[in-house]
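The sequence lines fix the lettering, A, B, ..., with proteins before strands; numbering per chain opens at 1.
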Number of protein chains: 2
Amino acid sequence: MNGSETTQIRSERRDAAENRQRILNAAIKLFEQNDVEQVSMNQIANEAQVGPGTLYRRYKNKSELCLDLIKDNVDLFFDDIEIYLKENCSSPPSKRLKGILSLFIRFREKKSQLLTGVEDSSSTNPPRSRIQSPLFNELHHLLVNLFDEMNVTKQTRLNSVFNADLLLTALSRDFYSFQRDVRNYSPEMILEELCTLFISLK
Amino acid sequence: MNGSETTQIRSERRDAAENRQRILNAAIKLFEQNDVEQVSMNQIANEAQVGPGTLYRRYKNKSELCLDLIKDNVDLFFDDIEIYLKENCSSPPSKRLKGILSLFIRFREKKSQLLTGVEDSSSTNPPRSRIQSPLFNELHHLLVNLFDEMNVTKQTRLNSVFNADLLLTALSRDFYSFQRDVRNYSPEMILEELCTLFISLK
DNA sequence: TTGACAAGTGGAATATTCTCCGTTTATTAT
DNA sequence: ATAATAAACGGAGAATATTCCACTTGTCAA
């Protein structure tokens, strides 16, 4: 279906759309050949045959570009979560939390390259904190709700926001791939450790 | 080469020492005037009146430079820890852990600028993980020992290495200053949250 | 003292990021 | 159609990061 609803906002110009597609294609191509981090914005602009200015007009940095590239996947990921939550709405919150973590880790494993790209330059450009991104914000929201539920169930008063922040940090590239690559932990082991720590066995 | 056994590393040349001092002075001066992150290596080289090559020969990046600048402070910090641990060697490990965290947070607050600099570019240059630095490695070691002790005391079998990794991540700039600046938590509150989570009340 | 040579130096060269701005072009109202 | 206009373009170029290497200079041993 096309979004031909009469938006007051002038829709994207045709040539602009073409260029964007060229940029995305170029990025995909280059990302297949080299590590995301190795590919420079210049290379992408070059490959796409647009000037660097054009590229930057559209994407403030590589991170945004990557986000655009996996946007669809992210949407699918959240669909999966929604389905999972519906199917398990009667399970205890701790079980649901674990399920979500598991889904995210699977997602992270599948799309590690691009996901890494998304989180990357967010440390250079905006002030800081890779915790700030649509993807992470939405997850944060889910996690906070689950932690809140757990607090009710278990009669605890843990700080849901703080714990969600930390949990997300543990799932972000820096920490996660350190555990994978340096500590040699498998995704499953990481999941277990996180559950042990965050799903109060307290 | 001479067949003799003198493996002594030729000590730093006099002129090199002078240059290094000039670089450090220049860095201090610039860091006082601007945020650490704003100051470029070039500026430092300029201010110190050495070529960029000379600067890079000594410090692979700003991070290393910062580390050199706070090296003394870091040493003092570890002295404090040692003293603290001696004075409290009979306290339960959980108490000692909290003490160390408190000391580190105080340290972090006092030297936030430079410490931030230390952790900064380490994300760009080497593969990744700001967990890797002499400062953090040494802390990691301490933490692991305390967690191990706690496991014995409390008859648990938590993963000390993993928990130490995560705890350090929570104390690193990204996470810590996010909590401070965005969540508006005080150092004390952060400390409490970390203790709640990591010092098993389980 | 001296000379061999490792250590150290400067800065040109290359690569990247990112901005600025004059020019081009698609769209839309007429 | 056509002109007005906002959007989009592209590339020059400023600021950085980082490397390379031909040249200098302390140091040490004889």
Protein-nucleotide distance ([X], atom [atom1]; [N], atom [atom2]), rounded to Å:
| X | N | atom1 | atom2 | result |
| --- | --- | --- | --- | --- |
| E18(B) | dT24(D) | CD | P | 20 Å |
| R14(B) | dT24(D) | CZ | C1' | 15 Å |
| Y56(A) | dG13(D) | OH | P | 18 Å |
| N42(A) | dT16(D) | CG | P | 18 Å |
| M41(B) | dT19(D) | CE | C1' | 13 Å |
| N34(A) | dT16(C) | CG | P | 11 Å |
| N61(B) | dT16(D) | CG | P | 17 Å |
| L30(B) | dT16(D) | CG | P | 12 Å |

query = Which one of V36(B), L115(B), T116(B), N61(B) satisfies the side chain to side chain contact (heavy atoms under 4.5 Å, CB included) criterion with C66(B)?
reply =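 Answer to the side chain to side chain contact (heavy atoms under 4.5 Å, CB included) test with C66(B) among V36(B), L115(B), T116(B), N61(B): V36(B).
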ask   = S40(B) side chain N/O closer than 4.0 Å to the phosphate oxygens (OP1, OP2) of dA15(D)?
value = no
task = Determine whether F107(B) and D80(B) make a side-chain contact, defined as any pair of heavy atoms from C-beta on separated by less than 4.5 Å.
result = no
query = Looking at the rings of F175(B) and F162(A), which for Trp means the six-membered one, are their centres under 6.0 Å apart?
reply =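 F175(B) vs F162(A): aromatic centres under 6.0 Å.
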Donor-acceptor side-chain pairing of N25(B) and R22(B) below 3.5 angstrom = no
message = Could you check whether Y185(A) and E192(A), counting side-chain N and O atoms only, form a donor-acceptor pair closer than 3.5 Å?
response = no
Salt bridge (Lys or Arg N to Asp or Glu O under 4.0 Å) between R58(B) and E64(B), worked out = CA-CA 9 Å; R58(B) 253 194 219 14; E64(B) 286 191 3; over 6 Å; no
For nucleotides 8-12 of chain C, tabulate all protein N/O to nucleotide N/O atom pairs closer than 3.5 Å, reporting atom names and distance.
from    : atom 1 : to     : atom 2 : distance (Å)
dG8(C)  : O4'    : R13(B) : NH2    : 3.2
dT9(C)  : OP1    : N19(B) : ND2    : 2.1
dT9(C)  : OP2    : R58(B) : NH2    : 3.3
dG10(C) : OP2    : G51(B) : N      : 3.3
dG10(C) : OP2    : T54(B) : OG1    : 2.7
dG10(C) : N7     : T54(B) : OG1    : 3.4
dG11(C) : O6     : G53(B) : N      : 3.2

